[in-house]
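Structure first, then comments.
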Amino acid sequence: MSTEKTSGPNDSLNFLEEIVEDDLRTGRVEHILTRFPPEPNGYLHIGHAKSIVVNFGLAQKYGGKTNLRFDDTNPSTEEQEYVDGILNDIRWLGYNPANVFFASDYFDQIYEWAKHLVGEGKAYVDFSTPEEIAVLKGTPTEPGKDSPYRNTSPEENLDLLERMRTGEFPDGHCVLRAKVDMTSPNMLLRDPIMYRIKHAHHHRTGDKWCIYPMYDWAHGQSDSIEGITHSICTLEFAPHRALYDWFIEQLSIYPSHQYEFSRFNLTYTVMSKRKLLQLVREGHVNGWDDPRMPTLAGMRRRGFLPESLREFATRIGVTKRENLIELSLLEFHIREGLNKIALRRFAVLDPLKVVIENYPEGQMEWLETENNPEDPETGKRALPFTRELFIEQDDFMENPPPKYFRLFPGGMVRLKSAFIIRCDRVEKDADGKPNTVYCSYVPESRSGQDTSGLKVQGVIHWLSAEHAKQAEVRLYDRLFQLENPGVEDDFKKSLNPTSLQVISHAMVEPALMEVTSGEKFQFTRLGYFCVDPDSTPGNPVFNRTVTLKDAWAKAQKK
RNA sequence: UGGCCCAUGGUGUAAUGGUAACACAGCAGUUUUUGGUACUGUUUUUCAGGGUUCGAGUCCUUGUGGGCCAACCA
């Protein structure tokens with residue numbers, strides 16, 4: 001048998017890594033410096049997580065650094081709350097920016113550069129209305145026409161710009177535009193706006209400015225000031241690159257370069273900030289950190305591990321293609337991470353009482369069970385076993401289908417880490433729902449010292465009724481029922497009505513009464529759960545992060 | 001009807017002119033006191049036509065299909 005098998009994605013580079021290696025080899029750059037440039041107008045989501053992993057990951061791999069730069073050029077939508085949240089999310093994901101900067105740190109320099117361009121006749125103040133500007137801009141297939149203000153002298157423009165800055169004009173009265181090419185096939189080159197007037201309070205510069213630079217007139221300049229070698233963004237910015245380069249060339253400043261990769265889409269998820277904001281505002285979810293949200297805050301509260309997210313982001317790759325990633329890939333990485341570290345605990349979400357009729361009343365014994373079979377060093381714990389127990393309703397069926405190997409009348413099942421029991425009879429409510437199952441146990445079948453010789457296929461979890469404690473459990477499911485809700489006219493039409501199911505009286509083992517917010521467990525046979533911050537002493541709340549894979553449930557669906 | 005970007009299994013990503021592979025998903029099985037985990041096997045792939053070449057997923061060309069661009073948003 002050959003053991004030489006060394007192909008796979010691990011030894012191949014994505015296109016950004018190829019560019020970087022090339023730049024390093026040819027000496028275009030000595031060290032790479034990337035940046036992650038969020039606008040502080042919302043919370044980070046899983047799409048940003050990929051961008052963070054790409055930017056920080058690339059720098060880490062090649063011994064470079066990454067700055068965090070808040071793109072705060074629009075005071076009307078940006079807030080300090082978001083700055084704090086974003087910083088927190090990035091650190092949680094496992095990254096530390098080399099520097100934390102703000103585009104607003106550079107407003108003075110950017111203004112000086114604007115004056116320079118005006119002085120050279122490469123920018124002008126335009127008093128046209130937004131409508132007039134739009135009409136003269138043309139369309140993608142028709143060239144635009146020059147604005148009547150395009151040939152104002154540099155001297156007059158300099159004066160006008162200064163008056164814009166000092167607050168002489170009201171909002172929207174005029175704009176500063178770059179003089180590029182009104183006939184360019186690239187719409188962004190048709191005399192793009194550099195500054196607009198906004199008499200608004202800025203979260204950092206206060207009331208110092210009433211003109212604010214547009215994205216194109218701030219981003220590349222900020223990159224250049226910081227000496228960013230590789231300015232990585234998503235595909236929709238590709239047409240901006242021509243402008244990015246144009247400004248840098250006109251100013252003869254450090255030539256940062258822009259590279260674009262495709263953003264990713266996730267099935268059953270929307271990712272646009274606008275839509276996420278709508279979900280929050282309209283109360284379809286309980287805030288930005290609702291565990292159903294694809295925000296980092298939501299996923300953290302849901303119980304996702306940052307390393308799972310990093311691995312997922314790496315696995316989906318970096319390309320320029322449209323793509324729609326299956327949610328099951330994310331879930332795979334979540335389970336993989338949690339399987340190794342989550343301690344196992346017993347919980348019964350939908351209790352059904354079991355009475356072991358041949359087990360003496362009042363008797364109790366401690367039975368040992370492992371905390372995590374994947375990690376023996378986590379040791380064992382003891383569970384109290386008594387005559388009256390709880391099992392899941394799901395684990396009993398009066399008339400089971402073929403291959404059902406849990407409990408049914410006349411059938412036997414193993415209580416995990418305890419005994420084998422046989423179901424003798426069942427007592428039902430008036431509506432026919434089983435309410436108590438009477439069983440007998442096999443004393444010599446005790447786990448670890450089973451001499452019964454019996455073989456049973458099913459193993460189920462259980463709780464001593466007398467010792468079990470109540471807890472709230474929140475079961476989360478996908479927020480949308482459609483694979484690609486974002487492409488519908490109304491994405492909210494496919495909202496999943498059962499994306500949250502609250503079980504206020506689940507039963508759990510006593511040890512789960514003393515937990516801390518954020519702690520993660522596997523509830524044996526049910527899934528991974530995480531302690532919600534809503535928990536109070538004695539009243540824990542558990543969020544279901546993700547279910548376990550369930551071959552039986554899958555087979556039943558067919 | 002202008003410009004830019006893109007096209008490899010169900011999904012995503014490799015293969016850098018020389019045997020189309022990896023992961024997830026699916027299916028089948030082994031192990032298992034979690035119908036979990038682990039392990040094994042397996043179904044399924046180069047958008048179409050033309051060209052260059054001994055040889056094309058890869059290069060050229062023409063189509064076709066998809067995405068992006070006409071905020072004083074980023």
Side-chain angles (χ1 to χ4, degrees), chain A residues 5 7-14 18 37-39 41 71 73-74 76-78 126 129-130 133-135 137-144 171-177 184-190 193-198 211-212 214-216 218-219 233-242 260 262 264 267 273-274 315-333 335-336 339-340 344 346 369-370 373-374 403-406 414-418 420 447-448 450 456-461 522-527 547-555:
Chain A
K5 205 175 172 188
S7 67
N10 291 338
D11 15 283
S12 64
L13 304 176
N14 66 47
E18 282 178 359
E39 183 189 9
N41 70 344
D71 228 332
T73 57
N74 186 357
S76 27
T77 56
E78 297 153 5
D126 194 329
T129 64
I133 288 177
V135 169
K137 199 165 230 177
T139 69
T141 54
E142 298 164 280
D171 284 7
H173 191 64
C174 56
V175 292
L176 182 73
R177 298 178 74 179
S184 171
N186 182 344
M187 298 294 290
L188 289 154
L189 260 20
R190 321 246 263 227
I193 293 172
M194 296 166 66
Y195 275 111
R196 76 286 215 190
I197 299 173
K198 270 180 193 265
I211 57 172
Y212 290 94
M214 298 287 289
Y215 168 83
D216 289 305
H219 199 91
C233 60
T234 47
L235 231 42
E236 66 273 22
F237 289 95
H240 292 248
R241 193 177 56 239
E260 312 89 20
S262 56
F264 77 98
T267 57
K273 264 192 203 174
R274 203 196 94 247
R315 172 55 64 180
I316 62 179
V318 181
T319 65
K320 302 178 86 134
R321 303 175 211 146
E322 275 290 302
N323 60 80
L324 178 60
I325 312 285
E326 290 178 348
L327 190 60
S328 57
L329 181 64
L330 210 210
E331 291 178 339
F332 165 78
H333 287 285
R335 290 190 185 104
E336 187 179 51
N339 178 45
K340 292 178 201 131
R344 274 56 171 172
F346 284 180
T369 189
E370 62 241 309
E374 302 299 314
K403 291 199 178 165
Y404 179 84
F405 44 80
R406 278 112 98 161
R414 156 78 63 185
L415 295 176
K416 184 167 170 61
S417 300
I420 290 174
S447 284
D450 186 346
V456 295
Q457 280 205 93
V459 179
I460 64 175
H461 59 282
Q522 181 195 110
F523 288 175
T524 299
R525 297 209 307 131
L526 298 176
T547 60
L548 256 27
K549 277 172 74 177
D550 189 344
W552 170 249
K554 198 189 294 173

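Order of the sequence lines fixes the chain letters, A, B, ..., with proteins taken first and strands second; residue numbering starts at 1 for each chain. Atom set for the values below is all heavy atoms of this structure, side chains included, hydrogens, waters and symmetry mates excluded.
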| said: Is the phosphate of B:rC73 approached by A:Arg196 (side-chain N or O, under 4.0 Å from OP1 or OP2)? | reply: yes
| note | Winner on side-chain proximity to A:Met187, out of B:rA14, B:rC69, B:rG12, is B:rC69
| Is the backbone N or O of A:Glu236 less than 3.5 Å from a side-chain atom of A:Thr234, with the two atoms forming a donor-acceptor pair by type? | no
| task | Mind checking A:Lys273 for me? I need base, sugar-phosphate or nothing, with any heavy atom below 4.0 Å counting as a touch. | result | nothing
| note | note: A:Glu336, atom CD; B:rG36, atom P; distance rounded to Å ~ 16 Å
| Can you tell me if A:Ser262 uses its side chain to pair, donor with acceptor, with the backbone of A:Leu235 under 3.5 Å? | no
| task | Using the C1' atoms only, state how far B:rA70 lies from B:rU52, rounded to an integer number of Å. | result | 41 Å
| said: Classify A:Glu331 by what it touches in the nucleic acid, base, sugar-phosphate, or nothing, heavy-atom distance under 4.0 Å. | reply: nothing
| query | Rounded to the Å, how far apart are A:Glu326 CD and B:rA23 P? | reply | 16 Å
| request: Sort out the partner of B:rG35 for me: Watson-Crick or G-U wobble, both distances under 3.5 Å, none otherwise. | output: none
| Is A:Glu142 side chain donor-acceptor paired with the B:rU1 base, going by distance under 3.5 Å alone? | no
| field | Anti or syn - B:rA71, cut at 90° from 0 | value | syn
| Whole-angstrom distance between B:rU62 and B:rG3, as gauged at atom P | 13 Å
| Touch check for A:Phe405, heavy atoms < 4.0 angstrom, all strands: base, sugar-phosphate only, or nothing? | base
| request: Between A:Leu324 and A:Pro38, name the one whose nearest nucleotide on RNA chain B is closer to the 5' end. | output: A:Leu324
| Whole angstrom value for the distance that separates P of B:rA25 from CZ of A:Arg315 | 12 Å
| request: Classify the angle between the aromatic ring planes of A:Tyr215 and A:His240 as parallel (below 30°), tilted (30 to 60°) or perpendicular (above 60°). | output: perpendicular
| said: So A:His240, base contact, sugar-phosphate only, or nothing? Heavy-atom distance under 4.0 Å. | reply: base
| task | Report which part of the nucleic acid A:Thr73 touches: base, sugar-phosphate, or nothing (heavy-atom distance under 4.0 Å, all strands). | result | sugar-phosphate
| task | Assign A:Phe237 to base, sugar-phosphate, or nothing according to its heavy-atom contacts below 4.0 angstrom with the strands shown. | result | base
| message | Please give the distance between the C1' atoms of B:rA14 and B:rA21 as a whole number of Å. | response | 7 Å
| message | What contact category does A:Ser328 fall into here, base, sugar-phosphate, or nothing, at under 4.0 angstrom with non-hydrogen atoms? | response | sugar-phosphate
| On RNA chain B, nearest-nucleotide positions of A:His173 versus A:Ser417: which is more 5'? | A:Ser417
| Is there a donor-acceptor pair closer than 3.5 Å between any side-chain N or O of A:Arg190 and the backbone N or O of A:Thr139? | yes
| task | Please work out if A:Arg344 contacts a base, only the sugar-phosphate, or nothing of the nucleic acid, heavy-atom cut-off 4.0 Å. | result | base
| request: Scan A:Arg406 against the nucleic acid and name what it touches under 4.0 Å (heavy atoms): base, sugar-phosphate only, or nothing. | output: base
| Ring-base stacking, A:Trp552 with B:rG35 (5.5 Å, 30° cut-offs) | yes
| Within the side chain of A:Arg335, is there an N or O that forms a donor-acceptor pair under 3.5 Å with the backbone of A:Thr547? | yes
| Distance between the P atoms of B:rU37 and B:rA74, in whole angstroms? | 47 Å
| said: So, OP1 or OP2 of B:rU13: does either fall under 4.0 Å of a side-chain N or O from A:Arg321? | reply: yes
| Any chance the side chains of A:Thr524 and A:Lys416 put a donor and an acceptor closer than 3.5 Å? | no
| message | Between A:Thr267 (side chain only) and A:Leu327 (backbone N and O only), is there a donor and an acceptor less than 3.5 Å apart? | response | yes
| query | Reckon A:Thr319 touches a base, only the sugar-phosphate, or nothing at all at heavy-atom distances under 4.0 Å? | reply | sugar-phosphate
| field | P-based separation of B:rG35 from B:rU42 [nearest Å] | value | 28 Å
| field | Atom C1', compared across B:rC4 and B:rG18: separation rounded to whole Å | value | 34 Å
| message | Pairing check on B:rC4: which nucleotide meets the Watson-Crick or G-U wobble criteria with it, both distances under 3.5 Å? | response | B:rG67
| request: Classify the nucleic acid contact of A:Asn323 as base, sugar-phosphate or nothing, counting any heavy atom under 4.0 Å across all strands shown. | output: sugar-phosphate
| request: For A:Leu329 and B:rG12, give me the distance from atom CG to atom P, rounded to whole Å. | output: 11 Å
| Looking at A:Glu260 and A:Lys320, does any basic side-chain N land under 4.0 Å from a carboxylate oxygen? | yes
| Do A:Glu322 and B:rG65 share a donor-acceptor pair, side chain to base, under 3.5 Å? | no
| request: State the pairing partner of B:rC27; accept Watson-Crick or G-U wobble contacts with both distances under 3.5 Å, and report none otherwise. | output: B:rG41
| task | Give the rounded distance in Å between these two atoms: NZ of A:Lys416 and C1' of B:rU37. | result | 11 Å
| said: By the 4.0 Å heavy-atom rule, please label A:Gly458 as base, sugar-phosphate, or nothing. | reply: nothing
| task | Figure out the CG/P separation between A:Asp216 and B:rA71, and round it to whole Å. | result | 13 Å
| query | Expressed as a whole number of Å, how far does the C1' atom of B:rA15 sit from that of B:rG9? | reply | 15 Å
| said: With a 3.5 Å limit on both atom pairs, tell me what B:rG12 is paired to, counting Watson-Crick and G-U wobble, or say none. | reply: B:rC22
| For A:Glu374 and B:rU37, what is the distance between atoms CD and C1' respectively, to the nearest whole Å? | 5 Å
| Is the shortest side-chain N/O distance from A:Lys198 to OP1 or OP2 of B:rC73 below 4.0 Å? | yes
| message | Classify A:Glu39 by what it touches in the nucleic acid, base, sugar-phosphate, or nothing, heavy-atom distance under 4.0 Å. | response | sugar-phosphate
| Can a donor-acceptor pair under 3.5 Å be found between the side-chain atoms of A:Arg525 and the base atoms of B:rU34? | no
| request: May I have the distance from A:His333 (atom NE2) to B:rU11 (atom P), rounded to whole angstrom? | output: 18 Å
| task | Could you check which of B:rU34, B:rC68, B:rC72 has an atom nearest any side-chain atom of A:Pro130? | result | B:rC72
| Pairwise C1' distance for B:rU64 and B:rA38, with rounding to whole Å | 47 Å
| said: Once you apply a heavy-atom cut-off of 4.0 Å, does A:Tyr404 come out as touching a base, just sugar-phosphate, or nothing? | reply: base
| task | State whether A:Lys554 places a side-chain N or O below 4.0 Å from either non-bridging phosphate oxygen (OP1 or OP2) of B:rG26. | result | yes
| task | Say whether, by atom type as modelled, one donor and one acceptor occur between the side chain of A:Glu78 and the main chain of A:Asn74 under 3.5 angstrom. | result | yes
| query | Any idea which of B:rG12, B:rU33, B:rA25 is nearest the A:Lys549 side chain? | reply | B:rA25
| field | Under 3.5 Å: donor-acceptor pair, side chain of A:Asn186, backbone of A:Ser184 | value | no
